[in-house]
Amino acid sequence: MGQKVFIETYWLDTVTGCTGQVFRDSAICESDGSSGYTPRRRVTMRNLNPEQEQHVSSLDVDFSTGAPVVQFDSVCLGHSNVASSYAYLDQDLPEDCVGTSMALGRGMGEGNCALAAQSYIIWLRNSSWDGANICFAHRGGYYVKPTEVFGPGILY
Amino acid sequence: MARLFNSTGNNFGAGQIAFKSHQEENFVVLNAKVSYDPANAAYQAADVLEIYVPDLYIERSAITGVILTFHDRYVYSSYTWNNDGGTAIKSWIKDKNTICLEKFTNFDEKGEITIYIQALYTALARGSNTVKGTRTRIDMTQETQYLYWSSETFCVIFEHWVFLHMQFRSCSYSYRNEPWEAQMGNFPTDVNADVVFLGGSNQYNPSVNGASLAHIENGVFTCPERMSGFESTGYDPFIFAFLVRDGVQDESSEPSGSGAYEGFDN
């Protein structure tokens, strides 16, 4: 509050690495309410609870779409004999991120159906029993471990 | 309203592609069917498949999933062994005039490949977070009930588009080789689309599921035939699609400079 923040941004060409026009801006921090700033809500590997067993090797769940979808980019490893993978988080999800989603997956395994398309129902929840977690539960197609779950998932 | 446009080109020899879309500031829903011959030189020279289109509402997107399918049938004297298959591949919007498709070469030897784009492309870091929809269970009914569906057969309905997930459970034995038809209660009647059932054991292409084509029109689901391993245990056939509702066509939505819209059969 009261501090001045300077921001410099560029578009980066991911092919060449070259940057384009530079944009510079500054603002004095006021209260969250008056700034109109909406924090970007996103869950990644950095948000995993280190004290719990995890069933993902990659996790990126991005809520910043401004659309009725969550963007997934995760690799589910599965666990035990259950066709699901849990990512346990180190803090609760904001209430507007709690819900159910569904996204596409594609196998990354070896052998039968290694590249099979699948659908996953995804529960985003805060549990008083085992803490906040994101559960990727297999539904359609042949179940494969590991599987990458990617793309937009409707949220309801 | 559904916005219709045609592609202006591509780099893999696919010919003109007809799109049906719904576009908003933060996302676009695109529906199209793309076929190409993997033997053509343009395809073989491409690293990423690119479709060139008139201006989209968003300038780039995160990755989404589209469905790649191929035909693989073995004709014997008394029957055809259908090993059609498919899987999900990645797609994204590179810039407002370029839609990219992952080049997935595993089935190039099968001949013509068809990709079903029934996807939502979203931008990220939009300054606002996800908006929740409402899940609606689809009530699949028939005069004589012979099809049975998983509880994960549902849709999420919006004014101009709908998300659809259907999951097959079983079929009465005497109907297993018949054309299927069912009413889709609670599903919008202004959706007209071919949709792909992914699932079923694929004996000759074991790296992927089978693929079977179904159709939705005026709230009626039809599926004339299925691949041969469709009902194999553990290969649960499913449909996953973001579909544009036809609604009432907006006359002002015709794109300029891309040629007249020449029909859409997806």
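Proteins come first, then strands; the chains are lettered A, B, ... in the order of their sequence lines, and each starts at number 1.
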Considering heavy atoms only, which positions within residues 98-110 of chain B lie below 4.5 Å of chain A?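 Only Glu102(B), Phe104(B), Asn106(B) of residues 98-110 of chain B have a heavy atom under 4.5 Å from chain A.
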Given that the side chain runs from C-beta out, which part of [X] has a heavy atom under 4.5 Å from chain A: side chain, backbone, both or neither?
X	answer
Phe168(B)	neither
Ile239(B)	neither
Phe27(B)	side chain
Ala123(B)	backbone
Arg60(B)	side chain
Tyr121(B)	neither

Find out whether Phe63(A) and Leu124(A) are in side-chain contact, i.e. whether some heavy atom of one side chain is under 4.5 Å from a heavy atom of the other. yes
Side-chain contact test, heavy atoms from C-beta onward, threshold under 4.5 Å: evaluate it for Phe150(A) versus Phe72(A) and give yes or no.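 Sidechains of Phe72(A) and Phe150(A): no contact.
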Check salt bridge (charged side-chain N to carboxylate O under 4.0 Å, His left out) between Glu8(A) and all other residues, then give those that pass, not counting sequence neighbours. Arg24(A)
Qualifying residue, where the test is side chain to side chain contact (heavy atoms under 4.5 Å, CB included) with His71(B) and the options are Asp84(B), Thr114(B), Ile113(B):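 Testing His71(B) for a side chain to side chain contact (heavy atoms under 4.5 Å, CB included) against Asp84(B), Thr114(B), Ile113(B) leaves exactly one candidate, Asp84(B).
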Between Asp90(A) and Arg46(A), does at least one N-O distance fall below 4.0 Å, as a salt bridge requires? no
Aromatic Trp149(B) / basic Arg137(B) pairing, under 6.0 angstrom, 45° off normal: no
Who among [options] has the most heavy-atom pairs with chain A under 4.5 Å?
options	result
Asn205(B), Asn202(B), Leu198(B), Val156(B)	Val156(B)
Asn209(B), Val208(B), Asn26(B), Thr64(B)	Asn209(B)
Gly210(B), Ser128(B), Gly199(B)	Ser128(B)

Could you tell me whether the side chain of Asp236(B) and the main chain of Gln167(B) form a donor-acceptor pair under 3.5 Å?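 Checked: no pair found.
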Specify the closest pair of heavy atoms between Leu164(B) and Met184(B), including all atoms of both residues, with the distance to one decimal.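 Taking Leu164(B) first and Met184(B) second, the nearest heavy atoms are CD1-CE, 4.3 Å.
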Which of parallel (below 30°), tilted (30 to 60°) and perpendicular (above 60°) describes Tyr86(A) and His79(A)?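 The rings of Tyr86(A) and His79(A) stand perpendicular, inter-plane angle above 60°.
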Looking at OG of Ser74(A) and CG of Asp60(A), how far apart are the two atoms once the value is rounded to the nearest 0.5 Å? 6.5 Å
